[in-house]
Amino acid sequence: MSEKTFATPIHLKLSSKRQTVVRTVWEALELLRHWPGRRGREYRAALQRCLDALDGLTSVSRASHCFTAAARESGLLLA
């Protein structure tokens, strides 16, 4: 599988002691599978757009944007 890398890494705070950086669509999907935050509308959009990006149906940029929105919605996005 070819790497589909985000233009800008996305920094997340998963708990008070754990942070991570998501750099690829695949890493985003792996995190979405074990999502520690709210699974609302933005989460569902991010999951679909990341799957679509892997299949070449949408851009990596769109997947990154949706993933960032899901992280923001869940309060996981580091500023």
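Values below: all heavy atoms of this structure, side chains included; hydrogens, waters and symmetry mates excluded. Fair warning: this is a prediction, and the values are worked out from it, not measured in the lab. In what follows, residues are counted from 1 in the order of the sequence shown.
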Nearest 0.5 Å, what's the CD-CD distance between Glu27 and Glu3?
-> 7.0 Å
Gap separating the CD atom of Gln48 from the SG atom of Cys50, nearest 0.5 angstrom | 10.0 Å
Where do Thr8 and Thr68 land on the side-chain contact (heavy atoms from CB on, under 4.5 Å) test, with the steps shown first?
-> CA-CA 11 Å; Thr8 305; Thr68 300; over 6 Å; no
In short, Leu54 meets Trp26 closest at the heavy-atom pair CD1-CE3, 3.7 Å
Check the surroundings of atom CZ in Arg41: do more than 12 heavy atoms from other residues, nucleotides or ligands lie under 6.0 Å from it?
-> no
Contact check, side chains of Leu78 and Leu12, non-hydrogen atoms, under 4.5 Å = no
Going from CZ on Arg49 to CG on Leu57, what distance comes out if it is rounded to the nearest 0.5 angstrom?
-> 9.5 Å
Note: Pro36 and Leu14 closest approach over all heavy atoms is CG-CD2, 4.0 Å
Given side chains that start at C-beta, do those of His11 and Val21 come closer than 4.5 Å, heavy atoms only?
-> yes
Can you find a pair of side-chain heavy atoms, one from Val25 and one from Phe6, that are under 4.5 Å apart?
-> yes
Is there a donor-acceptor contact under 3.5 Å from the side chain of Ser74 to the main chain of Arg38?
-> yes
Give, for atom OG1 of Thr20 and atom CG of Leu76, the distance between the pair rounded to the nearest 0.5 Å.
-> 11.0 Å
Residue pair Ile10 / Ser64, side-chain heavy-atom distance below 4.5 Å = yes
Interatomic spacing from OG in Ser59 to NZ in Lys4 - rounded to 0.5 Å = 10.0 Å
Is any side-chain heavy atom of Leu47 closer than 4.5 Å to a side-chain heavy atom of Leu29?
-> yes
Spacing of CD belonging to Glu30 relative to NE2 belonging to His34, to within rounding of 0.5 Å = 6.0 Å
Run the ring-centre check on Trp35 versus Phe67 and record whether the distance is less than 6.0 Å.
-> yes
So, do Glu42 and Arg72 sit near enough that their side-chain heavy atoms are less than 4.5 Å apart?
-> no
